[in-house]
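See below for the structure under consideration.
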Amino acid sequence: MKEYLQNLFNQLALKIPELNEITLQFDIPKSEEHGDLSTNAAMLLSKKLKKNPREIAKLIIDSLEIDSSVISKIEIAGPGFINFFFRPVFFSKIINEIVSENENFGRSDKFKGKKANVEFVSANPTGPLTVGHGRNAVVGDTIANLLEWIGYDVDREYYFNNAGRQMRVLGDSVRLRYLELLGEMIEFPEDYYQGEYIKDIAKMLLNEYGDKLRNEDAEGIFKQTAEREIFKDIKKSLNNLNIIHKIFFNENSLYEEGKIEQLLKKFKEKNLSYEKDGAVWLKLTELGKEQDKVIVKSTGEPTYRLPDIAYHITKFERGYDLMVDLFGSDHNATYPDVLAGLQSLGYDVNKIKVLIHQFVTIMKDGEVVKMSTRKANYITLDELVDEVGKDVVRYFFNMRNISSHMNFDLTLAKKQSDENPVFYLQYAHARICSIIRTVTKENLQPDYSNLHLLDSPEEVQLLKKLNLFKEEVLYAAENFETHRICFYLEELAALFHKFYTFRRILGSEREIAEARLALVNAVKIVIKNGLSILGVSAPEQM
RNA sequence: GCGCCCGUAGCUCAAUAGGAUAGAGCAUCAGCCUUCUAAGCUGAGGGUUAGUGGUUCGAGUCCACUCGGGCGUACCA
């Protein structure tokens, strides 16, 4: 629809060259009275042409070459909007497209041949994934889906660090629990990992090795076992949500392959770093930052910045055209340094898209639950999935803009699960499947040759909405906004339910019934495709 | 103090690069099932978009300040 008008205006630009100076925009008006598409071009031109916008609008309309079999009406409204009204036939063509493309309808090849990397979750293996990680996991996976739908070849990646203090403490936590099981009197430090899973791992080691590990140190088998077991659980939790990472990137490999050394050398050669107080500093002030930052501590250990920069260099070397990093707002101070470092080395940081999601506040029985992995007072992602189901979890996290703080009321989520919007969508799908089952028994078949019969308001509205799906997917993907898909589907489902209430298939004349059956079939496909982007199932029966 | 994010209906959230009368769901109230799934539909009430100024044809959206909340602000990651 927009393309159609765009072409018309391109021709018009030959007559009115000023059109090339503005960004032409077609909007879908909120109110149907204002047509199917609307443009504010006349208002934007009024300054350049020094004329009243309504006059310009009239000039534009008179100069456009209109095919009246496509466009039924054009009008000037309000301060100078030009509103276009399309004929219903124009919209019904979409049904053929939907049915022939079926599960691929909505995909586009705009970014075909491009490679994208989506890095998400990236939690260090110190404990089970919590509800907080859930938002990251679900949104990251859905963004990856969206990018695939617009043509990208996408790698899902998980970056982790199994060195460092956190992991040492983890290993020692297991060691102490193990010694406890051997009957030793242990004072378990408060800042160690308190979770039950630590005891489980210790028990496992006891069963396997007996007391042979009494004199092992924390960094050895204790840490290794903990890491292995915890990762196993993390992958299982993600699997429960149908999330599978293709690449698990270990920070340590950067050291082993000498990437850190190389990077450090490069910074020095380019005179981007210097030594002070026994530490190595990166000259960020020269890049317009407030202050220089340490990249190697006086102890000789790098800070997170160095490996993070080295890590992103590997992504560039792996040839990605787009790199998405998704993390929580607690990281919002770290990425600018990393990007600045990359930029100083000449990398095109525009290829990196850093997405920050705000925190999830968990409410339980009307109170905020403060969560900490170390203190073990968290709610795990597994518990949440067990409680409300995979589909609800995926839908719930996807349906909100990531820049908004999110309240997750567990009590309410459980109680209201029947009224969750995801059921509304699934119900629409199941309802259509049921209709198809029933009317097939009456020997009705979808007929794609009489679609002009679909001209009631309920049908036309539905058709218009179907026409927008592809555009919506593209928009959501390019802006990394998963919630748009949810809102689109809810609107589509609402229009379908309305259609269902007022326009029957059984009992209508055969031609109409079969055209409606074609329509309903198309709606079913779009709902299913939309849900599949979100990673939510589309049941045939409920 | 400084940086990022946020403040929209009783609650949870939308509002497509500034567009026309700010929209949904939940909750509340009133209706709709002898024919395709009532997990549905129709209607009603509910708003000074936190506040004050500014920018312009036009502001929830942009700018400034104020108030309130979240996350940061390390030679932790």
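What you see is a predicted model, and the numbers here were worked out from it, not measured in a lab. So you know, we letter chains A, B, ... as the sequences are listed, proteins then strands, and number each from 1.
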Of all the nucleotides listed ([options]), which has the minimum atom distance to the side chain of [X]?
X        : options                : value
A/Leu506 : B/rA15, B/rA77, B/rC36 : B/rC36
A/Thr334 : B/rU37, B/rU35, B/rA77 : B/rA77
A/Gln166 : B/rA77, B/rC71, B/rG19 : B/rA77
A/Lys297 : B/rA77, B/rA20, B/rC71 : B/rA77
A/Asn124 : B/rC71, B/rA39, B/rA77 : B/rA77

Stem list, RNA chain B (Watson-Crick or G-U pairing under 3.5 Å, at least 3 consecutive pairs):
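RNA chain B stems, ordered by first number: B:1-7 with B:67-73, B:10-13 with B:23-26, B:28-32 with B:40-44, B:50-54 with B:62-66.
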
Roughly how far apart, to the nearest Å, are [N] and [M] at atom [atom1]?
N      : M      : atom1 : value
B/rG18 : B/rC63 : C1'   : 13 Å
B/rU61 : B/rG54 : P     : 14 Å
B/rG1  : B/rU66 : P     : 10 Å
B/rC26 : B/rG46 : C1'   : 14 Å
B/rA64 : B/rC2  : P     : 13 Å
B/rU48 : B/rC6  : P     : 23 Å
B/rA22 : B/rU28 : C1'   : 22 Å
B/rC41 : B/rG3  : P     : 47 Å

- Item | Heavy-atom side-chain contact between A/His331 and A/Ile356 under 4.5 Å |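 Side chain of A/His331 against side chain of A/Ile356, heavy atoms only: no contact under 4.5 Å found.
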
| message | Within the 4.5 Å heavy-atom criterion, are A/Leu517 and A/Asp447 side-chain neighbours or not? | response |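 The answer is no, as the side chains (C-beta and beyond) never meet within the 4.5 Å cut-off.
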
Look at the side chain of [X] and the base of [N], then say whether one donor and one acceptor between them are separated by less than 3.5 Å.
X        : N      : answer
A/Ser38  : B/rA20 : yes
A/Ser298 : B/rC75 : yes
A/Asp27  : B/rA20 : no
A/His405 : B/rC71 : no

Does NZ in A/Lys58 sit with more than 12 non-hydrogen atoms of other residues, nucleotides or ligands closer than 6.0 Å?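 Count not over threshold, so no.
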
| field | More than 12 heavy atoms from other groups under 6.0 Å of CD on A/Glu261 | value |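 No - once you tally the heavy atoms of other residues, nucleotides and ligands closer than 6.0 Å, there are 12 at most.
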
Mind checking if [X] touches a base, just sugar-phosphate, or nothing, with heavy atoms under 4.0 Å?
X        : answer
A/Asn162 : nothing
A/Glu540 : base
A/Asn332 : base
A/Ser434 : base
A/Glu33  : base

| Rounded to whole angstroms, how far apart are CG on A/Leu339 and C1' on B/rC4? |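 In whole Å, B/rC4 C1' and A/Leu339 CG are 14 Å from each other.
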
Quickly work out the A/Asn40 CG to B/rA17 P distance and round it to whole Å.
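It works out to 11 Å between those atoms.
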
Just to confirm, is there a sub-4.0 Å distance from OP1 or OP2 of [N] to any side-chain nitrogen or oxygen of [X]?
X        : N      : value
A/Lys30  : B/rU16 : no
A/Ser403 : B/rC6  : yes
A/Ser122 : B/rA77 : no
A/Tyr335 : B/rG3  : no
A/Arg54  : B/rC57 : no

Below 30° counts as parallel, above 60° as perpendicular, anything between as tilted: where do the rings of A/Tyr158 and A/Phe160 land?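 Because their plane-to-plane angle is over 60°, the rings of A/Tyr158 and A/Phe160 count as perpendicular.
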
Is a side-chain donor or acceptor of A/Trp149 paired with a backbone partner of A/Val473 at a separation under 3.5 angstrom?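 Looks like no, no N/O pair under 3.5 Å.
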
- Interface residues of residues 465-487 of chain A with RNA chain B (non-hydrogen, below 4.0 angstrom):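 Output list: A/Tyr475, A/His483, A/Arg484, A/Phe487.
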
Check: Using a heavy-atom distance cut-off of less than 4.0 Å, which residues of residues 490-503 of chain A contact RNA chain B?
Finding: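 Contacts with RNA chain B under 4.0 Å: A/His497, A/Lys498, A/Tyr500, A/Thr501, A/Phe502, A/Arg503.
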
Worksheet item: How would you label the glycosidic angle of B/rC65: syn (within 90° of 0) or anti?
Response: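 Anti, since the glycosidic angle lies more than 90° from 0.
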
Counting the benzene-type ring for Trp, do A/Phe327 and A/Tyr159 have ring centres under 6.0 Å apart?
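No; A/Tyr159 has its ring centre 6.0 Å or more from that of A/Phe327.
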
Under 5.5 Å and under 30°: A/Phe81 stacked on B/rA20: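 Check passed, A/Phe81 stacks on base of B/rA20.
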
